[in-house]
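Being a predicted model, the structure only gives us computed values, none of them experimental. In what follows, every chain begins at residue 1, and chains take the letters A, B, ... in the order their sequences are listed.
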Protein chains: 2
Amino acid sequence: MSNLPAQVSIVEVGARDGLQNEASLITTGTKLRFIEGLVRAGLTRIEAGSFVSPKWVPQMADSADIFAELPRNANCTFSALTPNEKGMLAAIAAGVDEVAVFASASESFSRRNINCSITESLARFEPVFALAKSHNLKVRGYVSCVMGCPYEGPIAPEAVLKVSQQLLAMGCYEISLGDTIGTGTPGQTLTLLNTLITDIPVNQLAVHFHDTYGQALANILVALQQGISVIDSAAGGLGGCPYAASASGNVATEDVVYMLNGMGITNGVNIDALVAASAMIFNELDHGPASRSMRALLAKNHAVF
Amino acid sequence: MSNLPAQVSIVEVGARDGLQNEASLITTGTKLRFIEGLVRAGLTRIEAGSFVSPKWVPQMADSADIFAELPRNANCTFSALTPNEKGMLAAIAAGVDEVAVFASASESFSRRNINCSITESLARFEPVFALAKSHNLKVRGYVSCVMGCPYEGPIAPEAVLKVSQQLLAMGCYEISLGDTIGTGTPGQTLTLLNTLITDIPVNQLAVHFHDTYGQALANILVALQQGISVIDSAAGGLGGCPYAASASGNVATEDVVYMLNGMGITNGVNIDALVAASAMIFNELDHGPASRSMRALLAKNHAVF
């Protein structure tokens, strides 16, 4: 495992990708306490909201309020999803540290999810990139369906490469490769990364796994072995439910940190403080945490879930 | 990933290691239907019971009845745990195909779990091996606490090597390395296997992970990369509960098979038939399956859990 990075950055997406996919609506105050807990746990890259229509994503309707009250500090970057110019203007007004745009590697997913082709979706981002440049904001690019698409099945690595390169050329500093439906396995992860790394510097790539089939940590291990050092994850495995049939939440930050700690890979997260933050937010949800490490650590500390 | 085996054998331990750790008592008839389902799913190595005192393990009290009615076929080996001479005689009377003995790599765990030292525990197996030889039965050796012990913490790979070599010298054909408390991570797995493989042929080693901290599949991936080709797992992740704080069940067979299939590693298991067998047994339990692949496949097939 000679390629392993000595240090990994975790992008904590629980407050956005996680909560957005929970049935329960969380109050602004509770979200802020949760994010404060994430900061206390040492997380330095936190996705805190999304400037999209509240008609489509009611869970993120309070993003401007969240950004107004975030526990700002020099060590932590708070980002938000900005799908278009309108969202970008709102994000700038709210004082985001960084923004993210979202494209798909699957033509069918793009059309069904945002009602336009991949190329059209990229065109929508042009004003976002222009505003980012004039406001000196970094733009992260998410690519969805990098392993599989619910409509098309497996996705060719070349399709992922193409949209990733387009996003980088438009101005993204980093591409987060999303296994949106969690169907990827280690061999597929290796094939995809081998294709991408030929043309894209590995330090411009991050991985974003959903744990639908329980493959996320094994896939992350392969990514680490290929030199990837940025991992997206959600506290407690937010967005997934451990006893729902279709639990498809993000990989849990606790499970990732537990693995990294065991492998001696620096990540800056205090796992007990993280579990405390997660426990607080799961108290507000209609199900327990998907994270095994979180449950095990809670049990060890005699807490009950 | 050049060392990957082309083919993997799965040792299905759900009917023993799994059910033994469930609160619900399952009837003999239901167990038999479950095992029939496992055979239909293509599993060829099935641990079907344990000949221990029913005072200690009431869930396994019907093992003789199970073996009397098993769906025997030439392609499937049914094994049982035999902790001592008395158990071995009962196992032989019941017509087991293979037996297994159980030692620990941790002195403290051995003393607390079976009230004797590791050396004393091995001595107890001498009549078991003698009877196995005279009855032409293969003996598998389980080594527990290979990564960590609940009383001692981390366990030195040399301690695992020592007891493994002793069991092989006594007559075991294979050692199953058990991460009993599920604390191991990929780096530790690599260190352990590197130590063992120096002195033990890799085809005499199997891995047996519990998924307490969600690390099992990542650890199995490392084992595969080291050339290990025998994996213990339990249908549905039996023995663990997805919403209990201390879920520490075996890694789920479905999750392992999903990964192997994705990697093109032959394993002989029909995952849909396996999910059907698991769904039947989980209907009898007080909680849903821990296996994410099982839940995802059930959801895909519009079943409800």
Region of B:Thr191 that comes under 4.5 Å of a non-hydrogen atom in chain A:
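For B:Thr191, neither part sits under 4.5 Å from chain A.
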Sequence neighbours excluded - salt bridge (Lys or Arg N to Asp or Glu O under 4.0 Å) pairs with any residue from residues 218-238 of chain A:
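Only A:Arg140-A:Asp232 qualify under salt bridge (Lys or Arg N to Asp or Glu O under 4.0 Å).
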Between [X] and [Y], a side-chain donor and acceptor under 3.5 Å:
X        : Y        : answer
B:Glu152 : B:Ser108 : yes
B:Tyr151 : B:Glu107 : no
A:Gln215 : A:Thr185 : no

Pick whichever of [options] has the most heavy-atom pairs under 4.5 Å with chain A.
options                                : value
B:Ala218, B:Gly262, B:Ala252           : B:Ala218
B:Glu254, B:Met259, B:Gln188           : B:Met259
B:Ile265, B:Asp255, B:Val251, B:Ile220 : B:Asp255
B:Leu224, B:Asn219, B:Thr183           : B:Thr183

Tell me, for A:Ser293 versus chain B, whether the close heavy atoms (under 4.5 Å) come from the side chain, the backbone, both or neither.
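Interface part for A:Ser293: both.
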A:Ala234: partners by side chain to side chain contact (heavy atoms under 4.5 Å, CB included), with sequence neighbours left out
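Once residues adjacent in sequence are excluded, the partners of A:Ala234 under the side chain to side chain contact (heavy atoms under 4.5 Å, CB included) criterion are A:Glu12, A:Val13, A:Leu238, A:Asn250.
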